[in-house]
Each structure stands twice: as structure tokens, then as C-alpha cells.
Amino acid sequence: MCLGVPGKVIAVKDDWIAEVDISGVVIDVGLQFTPEAKVGDYVLVHTGYAMHVMDEAEAMETLKLLEEMGAAAELPDGQIS
Amino acid sequence: MADDRVLLAHGSGGKVSHRLIDEVFMKVFTDPVLNRQDDAAVVPGGEQLAFTTDSYVVKPIFFPGGDIGKLAVCGTVNDLSMSGAVPKYISAAFVIEEGFAFAELYRVVESMAAAADEAGVAIVTGDTKVVERGSADQIFINTAGVGIMRPGADIAAANLRPGDAVIISGSIGDHGVAVMSTREGLSFRTAIESDCAPLNGLIAAVIDSGADVHALRDPTRGGLASTLNEFAAQSGVVVAIDETQVLVADQVAGACEMLGLDPYQVANEGKVVAVVAAADADKAVAAMRTSPYGREARIIGIVAEAPDGKPRVTLKTTVGTTRILDMLVGEQLPRIC
Amino acid sequence: MVKYLSEFRNPELAAGILRRLEKVSTRPVSFMEVCGTHTVSISKNGLRQAVPDNIRLLSGPGCPVCVTANADIDRMIAIAAQPDVILTTFGDMIKVPGSYSSLAKEKAAGSDIRIVYSTRDAVKLAQDNPDKRVVFYGVGFETTTPTVAMSILDARQKNVANYSVLSVHKVVPPAMKALLDLGEVTLDGFICPGHVSVVIGTRPYEFIPKDYGIPCVVTGFEPLDILEGVLMLVEQVERGEAKVENAYKRLVTTDGNKIAMETIHRVFEPGDADWRGIGVIPGSGLNIRQEFADFDAARLFAGVEVPPVKEHKGCRCGEVLRGVIYPYDCGLFGKACVPEHPIGPCMVSGEGSCAAYYRYDEKPRTGA
């Protein structure tokens, strides 16, 4: 039961509420679990709460790794790993 | 009107009723046939007529990009257009809840008049009932429409042939998301507007282009997924769609991700899916693009034979795999799983 | 383009990983995903068929709606019918049948049942309707539970006395253990739930490689995330290793979200839970602590009479939920049991295995 979607914090309001932009859709999101979130951060939104602040460096790292994995598959046998 | 709100008396049939009709409907819908105020409209016609009816209930009645009135006219104009007819005459019947504000009624009626004007159809007959508070939700509208068939048009959901091209006039899911964005308990802010529009001009452009049109349908409730599945089932074919060609606005994609909805199952009110002979696909797309409502028309798939006799819709996904595109079952509910 | 989603749907990268899988995978393996959102994503992206034939992706008890016992649904329906009650729930639960009825049917029959997107909306509804008793039907795993716990803390702080929660929440790791202890399926790896792990971290899975020798990879929900997770599992198997790896580092850490975990434990305490298809799993449930008894619908409505439980006959949802059979292997699947008239919960819930396989999978794979 775990749909989560990344969105960008565009404003932090009172009472632990932030406005989060999900590709042009803006919703109110609770920041109680991610008090460190600030404007500009991407957070994972689940049922109106931010559950984690996106680690952008790790996201880029994963994409780089995925590219390398695919590229490695192109190499002749014996050169993998 | 002297009153601010619609009262039960406005539905009584007496003087107050006449005032409602004269000061709202007759004032806004200024059609010579309607002006005669007979029990039935007598209108010139052709040999082959198309005839349709639809009732409109939408919550909220005003939403970004439209309202129940515009929807009631465009929906019926579009249903007639999809059968290959030229829409001509529309009826408008209202069920109004006691206490409904006249200011809002005016807005709805004026919006209907504007949509009818744009579509070139005449609102020639109508009816009004007022029901007790709680017996209806603000306002319900029924429209019926008559259109004159274009000679030689043979457009039906059963006419798909292997090899045909599947075309859609633009992005999907805009209407459903625009309406949902205003619903109680689901409030999110988005600039997305309903695509609600009369499509008779666009359809005329496609047919007049000389393209061999086999089927036309507007993917309203149930979305693109339902329309394509209806086509596949009625023609006994496979409809193969390429997901990378289907346009979903960023905001619609975002809202669907958030609410766990499938944009393919979200309603549209100003889009048409056209199935045309493969050789005419580009011609049909070019014709659609001459209409303001078809600027983003595109080919999204092809029709193929159903080898095992099982009609279905397949979707080549963005990652290059293939899956089934099934029809919506029951009500579309936001989900968190 | 939804940032952080569309990048992970890149077809060239997907093709690259699939090619690599073909190369490195030498033996037949069965991996189980234990999250319904994974099940749906795998089906929706056609991945079950796209991976090499020797890799079988099985679905486990990852749909919280599907594993909710009939008795718990019956109790909720009985509470919804009490005077002055407004029942709030996520949309997922609405159509799921209990022994005799569903919330959708009860709504049509007159119970006041409302769908909310967030527990915050349920608390607000209670504030706006002080003369009503607003009950939130708390279903879900660790991803959702902190938000429900937060709603109770919030209601207490704001003195919203007419708000309560019926908790049928469950936690995932004990269910994975129960499946392994049943010994019905031979697994070569677990695809661990990404968003549950956002909250609990990767540490709670350590016992699986340690005690059972089975590799685990935590991963996300986009097609590339899932393919990467499968590849990492295959590589562990090929190297003869078993450990917990994290393919979802942009959101998952070793320790998870500490504030969310503390919030869960502040409000809930572990208890036993009844899983449909599996039975009672010790320590897999979450009960509201005595300190918050005023907000516990189980206590507040303890006197409400619930009719005796009746199970659906002929339905093999239990075996599907345990990964013993593929949905296609059930005689009812796609025949008597389809989304329009479902027999078991796995066909009702949007993320139920049967519904996901029925709706999206082009070529059935049988013989799990």
C-alpha cells in the first residue's frame, strides 16, 4: 500500500505543512517526518506526508550505474563484471 | 429575476414558471424556432437523421475549463459528430434543485448558448422541472440532439480493419483531472483545464479531407482505454498502441501518479479517436491539426488481426515491453497502494 | 515528465539491463516481490515477460487490502453502521468484500463512508463535524502507518475527541519470515518493498540472508529500479552470495526514517495479526497503546456485534498470496473470477496480484 511520488517543496507554511509541486500539481504535504526538508528539495510524498528527502547525488549515481550495467552487456564475453 | 434563488414555485407551471422561462431561457437562447414556444419544434431535416440523448450530472458544476452547461451541449454535439452526422438541433431539459441561485443558472445557460453558437447548432426545445431541496444536486441537464447524416458516411466501431491507423486529436486525461482537482477531500492545485469542446468542426475537416474514416469515438467516461477496447471488441481485432506516442500533460501525469490513477482511464470531453485507412493517416492528422482542438493530433497505433480470435488492446510501454490495456472496471477511485 | 520518475523509465537503459541479465543469469531462479505496488509495476511494465525465461518473478503477500482478514472487514462494516459514525478510509478498501458485504455496498445502503487522500483529511472532518464520530480505517504497512500514528498525535494535541482509528496495520518482515518458515515455496531472492524500506531501512531484512541464506535487494518502483533489483539478485545468486543490498539509495537508508519509526512506536505496540491466506502471524500487527485508548476504535466500539466470519469457497487467493501458485493457476482466474465480478480479494484490489496479472500481463506464465 505504498504509492509514493516525488515532488518539489516550493513553500514551507505553518503547522508542519509544505506546498509540494508534483510536475505542476501542487498539494499540501505534512513535513513532520522530514523536518529537514527545505524549499527546493524533492521529497517522497505518500498520502499527503513527506516520507523522505530525495538524495539527488544517489539518484544520479544510480542512473550512472544503470548506464554502465547496460554498457557492460555490450562488451564481449569475458570482460563483464 | 426578482428572486435570487430558484423556488419550487418556479416549477409550478404558473406565472412564476413563465417568468423563469422568459427571463432566463428565452432571453439567452434566442432561436426563432424556440421562440415559437410550441410543444415541439418543427425543423427542416434530411433523409437520414442521427438522433442522440445524454444526461449530464457533474460535481462541481463549474470546473476549470468548463461547466455543466458547456458539457451538456458539447457532449451531444460530439455524439452526433462521431456517427458521421452534422449536428443541427438540440433540446435542453433542466432538473433544478430548489434554492439554486439564479446567478449560477444564468452562468450555466449562457455557457450553453455560447457552446451551441460555436458548434452552429440551434437549441430548439426544452423543459424545466424544479424539485425539492435534496431531491437533486443543484442542477441536472439532459440534452437530445438531431443531426443530418453526411451522404455515404459509414462510420462505426465495428469497421476497424487490420492495417488501419489509430489517431487521437490530442492529449488524454485533462477533463477528468480538472474536475477531480476541485473535488472535496482531494484538493490539489493545478493549472490543468478541462478539454471540453465541440468537435463537429474538427470531424468535418477530417471527413472533408477525403480520408477513408472507418470509426470515430470520443473517449469520455472510461477514457481512451474504454474506447479502444470497445473498438477492438466490436471489430474483432487487436488494437496495438505505442505508449511513447500518447500525449499526457505533465500535470495530468503528476496528478495520476499521486492519486494512483491511470491516465488511459481518465475522462476526456474534447478528444476524438479516429481509425482511418493506413494510407490516409497523415491526411487525417493534418486535417485535425487545422482545428484549434486538434493541434496535437497524432497517430498512436495500428489495427492488427486477432490471431487467436481474442480481440484486445495492447500497449507497447515506454520501456519497450508489451502489456494489455484493459478497460476501467467500476468507479475510478483514488488509491494509495 | 515527472522528475525522478521519467529518468527511471528510459527504454535504452532498460534494454541494456535486460541484455546484461541474459548474459549473467545461468540458472533457473525464483524471486518474490512482497509489495503490491511492485506487483502492479512489474505487470504494468510487462517485466514479468521481458526478463529471461529462467527468471520467475512471483508475487507475495504485498497487498495490504488483500491480506486483510474477512473478520476485520466485517468489523469495520459493523462500525460504519453505528449511529453518528462517519467512516473514513483510503479508496483502496472501498470495494473489497468481507464475509457478506463491502464498504461500497454499505455506502449505497446508507452508511456514511468517505474516501480520504490523507489521514489529515480525516482529522479535519472530525473537527468540522463535532457531533459525529469519525473513524479512520487504518489499513497498511509501515509506509502508511506513521501517517496514521501522526493523525492520533495530532487529534490529541488539537483535542479532537471524536476521532478514532481502527488499526489493522501490519508489518512486513514477520510475514516474510512466516512465508519462509512455511517452506512451501523455494525462493532464490526477495525484492524488498521500496517505500516500506524508506521508513524501516534495510536492517530489518538482515535475518533473511543470515538465517535462511536468501539474497535481498531493496528497490524502487520504476521499471529501471525493478530491473536493477532483479539484476543485483541474479548477480548475488551467480556469485553464491546472500546479503541485503540497496538499489534505492536515493530514498532508502540503512536505518530508515527514525522520526517515522519513533512515531509508530509512540502510538502503536506490536501485536498479533491475522493475514488472509497465511493466518495469525505473531508480532506482525500494530495495536494502539493504552495511553491512546481514547482514539482506539477497537476499544470504543468493542461492544458492536459482528456477524460470524464466512470464507469464500473455491478461491485460491491464499495460495496466490503465499506465492505457491501464479494467479493463472487458479481455476477461477479469468473465468468465474474477473475484475467485474471478483471472487477473492486479490482480484478486487487494484494492486492485488490477480487483478494486476489479469489487467496487464499479455502472456500468462504458469506453474509457480
Side-chain angles (χ1 to χ4, degrees), chain A residues 1-34 37-56 58-60 62-74, chain B residues 60 63-65 170-195 223 243-244 246-268 296 317-321 328 331-337:
Chain A
M1 198 168 224
C2 299
L3 275 186
V5 51
K8 187 180 186 177
V9 178
I10 55 172
V12 177
K13 305 193 286 191
D14 294 343
D15 200 22
W16 295 101
I17 295 289
E19 284 189 340
V20 170
D21 180 324
I22 301 163
S23 80
V25 173
V26 178
I27 58 164
D28 286 344
V29 160
L31 285 188
Q32 286 94 333
F33 306 119
T34 57
K38 55 188 190 303
V39 172
D41 284 347
Y42 275 79
V43 292
L44 180 80
V45 178
H46 174 70
T47 67
Y49 285 87
M51 303 311 293
H52 201 83
V53 178
M54 182 75 68
D55 189 327
E56 189 165 0
E58 286 290 359
M60 293 304 124
T62 300
L63 283 170
K64 206 174 124 221
L65 193 72
L66 289 167
E67 271 170 43
E68 288 167 7
M69 280 176 179
E74 304 288 350
Chain B
F63 48 83
S171 60
I172 59 167
D174 303 48
H175 174 76
V177 166
V179 171
M180 238 175 283
S181 73
T182 55
R183 290 241 169 104
E184 186 193 5
L186 270 186
S187 61
F188 52 91
R189 278 88 70 194
T190 168
I192 210 86
E193 294 200 343
S194 166
D195 56 352
E243 182 159 45
T244 60
V246 178
L247 189 63
V248 182
D250 283 354
Q251 287 133 316
V252 172
C256 286
E257 290 288 349
M258 189 180 90
L259 299 172
L261 305 177
D262 185 346
Y264 288 91
Q265 300 184 333
V266 177
N268 310 279
E296 295 175 314
T317 69
T318 44
V319 276
T321 53
L328 173 67
E331 194 189 353
Q332 196 174 39
L333 299 172
R335 57 188 185 90
I336 66 149
C337 311

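Proteins come first, then strands; the chains are lettered A, B, ... in the order of their sequence lines, and each starts at number 1.
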List the steps and the verdict of side chain to side chain contact (heavy atoms under 4.5 Å, CB included) for A/Val45 and B/Met258. CA-CA 8 Å; A/Val45 178; B/Met258 189 180 90; 5.6 Å; no
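Within the 4.5 Å cutoff, the side chain of A/Asp28 has heavy atoms near those of the B/Arg189 side chain.
In the displayed structure, A/Lys64 atom NZ is contacted under 6.0 Å by at most 12 heavy atoms of other residues, nucleotides or ligands.
With sequence neighbours left out, the side-chain hydrogen bond (donor to acceptor under 3.5 Å, both in side chains) criterion links B/Thr318 to no other residue. In this structure B/Ser171 satisfies the side-chain hydrogen bond (donor to acceptor under 3.5 Å, both in side chains) test together with B/Asp174, sequence neighbours excluded.
When all heavy atoms are compared, the tightest approach of B/Asp250 to A/Ser23 is O-OG, 2.7 Å. Looking at every heavy atom in both residues, B/Glu257 comes nearest to A/Val5 through CB-CG2, 3.8 Å.
The structure places CG of A/Asp21 at 9.0 Å from OG1 of B/Thr190, a figure rounded to the nearest 0.5 Å.
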